[in-house]
Student: 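Quick one: the structure is below, questions incoming.
Keep in mind that this is a model prediction, so the values were computed, not measured.
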Amino acid sequence: MSYWLMKSEPDEISIDDALAMPSLPWFGVRNYQARNFMRDNMKVGDGILFYHSSCPEPGIAGIAEVASTPYPDHTQFDAKSKYFDPKATQETPRWMMVDVKATRKTRLLSLQELRTVEALADMVVLKKGSRLSITPVTAAEWKVVMKLLDKK
DNA sequence: GCCAACGTTGGC
DNA sequence: GCCAACGTTGGC
């Protein structure tokens with residue numbers, strides 16, 4: 001069992017939107033490292049920190065879990081989609097995704113607060129210049145975050 | 001809107 | 001295979 005942090009822009013899909021769906025196809029990832037995490041490393045049942053990015057208060061907003069094995073992101077084949085990739089074909093898809101099932105909304109554990117927690121200093125998402133939309137979370141970090149979410 | 005820090009592209 | 005130019009992310 002592994003743990004992940006996945007960024008979503010709440011203007012696009014917030015934790016509330018995600019909770020309203022049976023599961024959410026994580027389409028639109030166009031970064032190879034992030035794709036590889038979904039394609040090669042994620043397992044059904046893995047824990048996910050649902051993170052709101054590019055918004056007034058960025059931070060962890062909920063909990064989710066991996067709900068499918070990897071499969072091709074259909075938006076890469078759709079010429080009208082902003083995620084269209086002319087180099088991808090049905091035979092050799094370039095972009096893979098998984099389904100994500102939101103399980104609960106949490107208090108907003110802000111980026112600002114995360115940065116004050118010593119035990120989380122090495123979290124990939126907090127590293128300087130980190131822009132990856134999907135990053136691994138260690139079991140120890142997950143535990144610390146769960147504890148922080150229960151507070152107050 | 002700014003801009004640091006990356007990632008990607010394409011000419012050579 | 002190098003690397004300059006360009007594009008993107010995302011906090012501020």
Student: Mind listing the closest non-hydrogen atom pair of A/K127 and A/A121 along with its distance?
Tutor: CE-O, 4.5 Å

Student: Scan side-chain atoms only and decide if A/T75 and A/D78 contain a donor-acceptor pair under the 3.5 Å cut-off.
Tutor: no

Student: Who passes side-chain hydrogen bond (donor to acceptor under 3.5 Å, both in side chains) against A/Y71, sequence neighbours left out?
Tutor: A/D99

Student: Look up atom CZ in A/R94 and atom CZ in A/F77, then write down how far apart they are to the nearest 0.5 Å.
Tutor: 11.0 Å

Student: With heavy atoms of chain A within less than 4.0 Å as the criterion, where does contact along DNA chain B begin and end?
Tutor: B/dA5 to B/dT8

Student: On a heavy-atom basis, which atom in A/M146 and which in A/L49 lie closest, and how many Å separate them?
Tutor: CE-CD2, 3.7 Å

Student: Looking at A/E57, I want to see if its CD is surrounded by more than 12 non-hydrogen atoms of other residues, nucleotides or ligands under 6.0 Å.
Tutor: no

Student: Is the distance between the ring centroids of A/W95 and A/Y32 less than 6.0 Å?
Tutor: yes

Student: Scan A/E9 against the nucleic acid and name what it touches under 4.0 Å (heavy atoms): base, sugar-phosphate only, or nothing.
Tutor: nothing

Student: Counting only heavy atoms and a strict 4.0 angstrom limit, can you tell me which residues of residues 116-131 of chain A come near DNA chain B?
Tutor: A/K128, A/G129, A/R131

Student: Say whether, by atom type as modelled, one donor and one acceptor occur between the side chain of A/T106 and the main chain of A/A61 under 3.5 angstrom.
Tutor: yes

